[in-house]
There are 2 protein chains.
Amino acid sequence: MKATIKDVAREAKVSTATVSFVVNGIDKVKKNTKERVLLAIQKLNYVPDQAARTMIKKKTKTVGLIVPLLTNEYWAELAEQIQEELILRGYTLMICTAGMKSAELTINSLLERNVDGVILGGRIVSDPDDHYIQMFMDRRIPLVSIAPIHKDVTSVWGDNLNSSREVVEHLIQQGHTKIAYIGSMSTGIGRELGYRNALAIAEIPVDEALVRNGKSEEVHNFSQYGYQTMKQLVADKCEFTALFGANDLIAIGAIKALQESGLRVPHDVAVAGFDDIAMAALYSPAITTVKQPIGEMAGSVVAALIEQIEQPDGQSIARKITFPMTVVVRESSIFPKGGYKN
Amino acid sequence: MKATIKDVAREAKVSTATVSFVVNGIDKVKKNTKERVLLAIQKLNYVPDQAARTMIKKKTKTVGLIVPLLTNEYWAELAEQIQEELILRGYTLMICTAGMKSAELTINSLLERNVDGVILGGRIVSDPDDHYIQMFMDRRIPLVSIAPIHKDVTSVWGDNLNSSREVVEHLIQQGHTKIAYIGSMSTGIGRELGYRNALAIAEIPVDEALVRNGKSEEVHNFSQYGYQTMKQLVADKCEFTALFGANDLIAIGAIKALQESGLRVPHDVAVAGFDDIAMAALYSPAITTVKQPIGEMAGSVVAALIEQIEQPDGQSIARKITFPMTVVVRESSIFPKGGYKN
DNA sequence: CTGAAAGCGCTTACAG
DNA sequence: CTGAAAGCGCTTACAG
């Protein structure tokens, strides 16, 4: 049988109020009493019942996270970090993967459960009209996002533009001038702009044939998209000696395609990706990429959300919080001994 | 102000009990009365409070899933599939990653939220004495696991032993006799036994120097573990022409180490992994592995759990449900033209 | 500091 | 059929 606050009170020979004070860290209880209560809690394996608490407080201490999918390591890691941050602050996380058939049901379940707030990991793919965003806002559910998706929603984001510029500048410094770009709607415009800016600063004209941008509907699977797009680039007989892929999975797919076409990386084509997933270091060749400060971003997004939840009258103007990111140079872009053949 | 059942009762001039009967479709109420109540509900925009209901019914329609971590694609996919199955049956999923610092807090939150049931994805790493399993069982929380971790818990599992035997037999058929094994506590004993059985059937004596088994405490990061262990095998000057890694990440880490040591895969060493994560097909070389039927396993584990939740008096004997798995042969183990050098 | 007691909004025996 | 009432497990003024 599950122990209740009454059982603990009886065991510790105090009132339920005192137990409640101890459990909630309200500093009213004599040290001696407190210890007795803690002992009883431990002995009975007491865990407070959230439902009862919720009924009184009208707060569920639950936050929803909507991500496109979990099988992309980037989102998986973000979800882990966000959960960690939330749990330390006493909140529970409910994860929704918006890429599944059941997306609508999952998102609705957030509403039914009366979550205290929602973190949006990018735009909800199945929701072109921001229908859900509007619904959350109508219900006054605090909202925060990982990408700047709506002018009234505070967002946390990496500085995609500048870090993309930096990684492309790294390729340029390696002697490349014919640099291809493979991105998609869902990797965001910032990375493409960074690519274009780097070329502009170096006074290299952009060859639009080398810029490939998949519409998000087409891109369910980044690595496959990278693979197919690179096959296409090769089939189109495009000339290039380097590639900037808008994320690591795209880059890995592209490398696979290059290798199948008999092109070596980095000897024939240098490659850089984005995100620094674990596989970037493990791949062969190890992939030059950009590392996002996921831990910090998770902390920031959680802090912003909890601020909104707990101080609803505070600053309500939506902010954009931008984090710097770091270029990580690895084998896939390093100028090999003997130089490039082109 | 939100309307309560009392407001409705007053409005309809009945008792709260009658309102409750109407709301819950309990057919006890005279048609006339019922209509009056429905009218009042509509007028007041009454929505029952879930928290209050939960407190009495002791059912939250929520299920917890405990996985070691989310950044392993295998667990991420399993989590996605389980969520999909649950949501279609009207349940919400709460995911806990047991590998984080906050593991204890997260698991406790499952108890606080009074989940109706728990799915254990393998043994909880931080819980050597099955303290949590015991706690769930003590509280009569329906429990189901993805690996056979406890004799009283129904489990769903792939047939590790036989599929491991098959993949090692594939290596043997390729002409290999000196086959190394890298596994760990957390990948389970079945895969190692399959390896041993394959050798035994082929009458190849096991060279224990080639069998490496990390204790689970040491193995936080499979790919790194595979990398280091392979470095060690090479440093130990062990003779082998093939490797069976107990999962794909171990295999990938090992390949990385082999390549750094100047050994080519599969020319000098053939490699096979396990799980068929997306990266297995994308890696270079593509990795021979074993594919688990994750969708079916998720469906099965959810069905077993919901059966326990909704028919607690039904079959209570713990079952072991085993799924067959498929060997997927790819480049990393294919005998190259010209044969092996040893 | 600590306890007795009044709820939070709902369900459910138990009477009538 | 319907109502009065006893909880579910917790929090929180209000006394002492």
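Given the structure is predicted, the values throughout are model-derived calculations rather than measurements. To find a chain, count down the sequence lines: A is the first, B the second, and so on, and within it residues start at 1.
The distance between atom CE of Met55(A) and atom P of dC8(C), rounded to the nearest whole Å, is 9 Å. The CG atom of Leu44(A) sits 15 Å away from the C1' atom of dG9(D) (whole-angstrom rounding). Taking atom CD of Glu35(B) as the reference point, atom C1' of dC1(D) lies 16 Å away to the nearest angstrom. Rounded to an integer number of Å, the gap from NZ of Lys59(B) to P of dC8(D) is 17 Å. One can place NZ of Lys58(A) at 9 Å from P of dC8(C), the figure rounded to the nearest angstrom.
Look at Asp116(A) and Lys57(A) and you find no salt bridge, because none of the NZ, NE, NH1 or NH2 atoms lies under 4.0 Å from a carboxylate O.
Here Thr54(B) lies out of heavy-atom contact (under 4.0 Å) with every strand. Among the atoms of the strands shown, none is found under 4.0 Å from any heavy atom of Lys31(A).
For Tyr46(A) against Thr4(A), the heavy-atom pair with the smallest separation is CE1-C, 3.6 Å. The nearest pair of heavy atoms linking Gly158(A) to Thr322(A) is C-CG2, 4.1 Å. Of all non-hydrogen atoms in Ala51(A) and Thr54(B), the two that sit nearest each other are CB-CG2, 3.7 Å.
Considering Lys43(A), Arg36(A), Lys6(A) as possible partners of Glu11(A), the one that fulfils the side chain to side chain donor-acceptor pair (under 3.5 Å) test is Lys43(A).
When base pairs are accepted only as Watson-Crick or G-U wobble with both N-N or N-O distances under 3.5 Å, DNA chain C takes part in stems of 3 or more pairs at C:1-3 with D:14-16, C:5-12 with D:5-12, C:14-16 with D:1-3.
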Pair Arg113(B)-Thr92(A), side chain to side chain donor-acceptor pair (under 3.5 Å): steps then yes or no
CA-CA 9 Å; Arg113(B) 309 265 154 182; Thr92(A) 303; 2.8 Å; yes

Would Gln83(B) and Thr106(A) count as a side chain to side chain donor-acceptor pair (under 3.5 Å) here? Give the steps.
CA-CA 9 Å; Gln83(B) 180 168 52; Thr106(A) 320; 5.2 Å; no

Before giving the answer on side chain to side chain donor-acceptor pair (under 3.5 Å), spell out for Asn114(A) and Gln50(B) the whole-Å C-alpha distance, their side-chain angles and the decisive distance to 0.1 Å.
CA-CA 9 Å; Asn114(A) 284 311; Gln50(B) 285 299 327; over 6 Å; no

Letter per nucleotide, 5' to 3', of nucleotides 10-16 of chain D [B base touched, S only sugar-phosphate touched, - untouched; heavy atoms, 4.0 Å]
BBB----

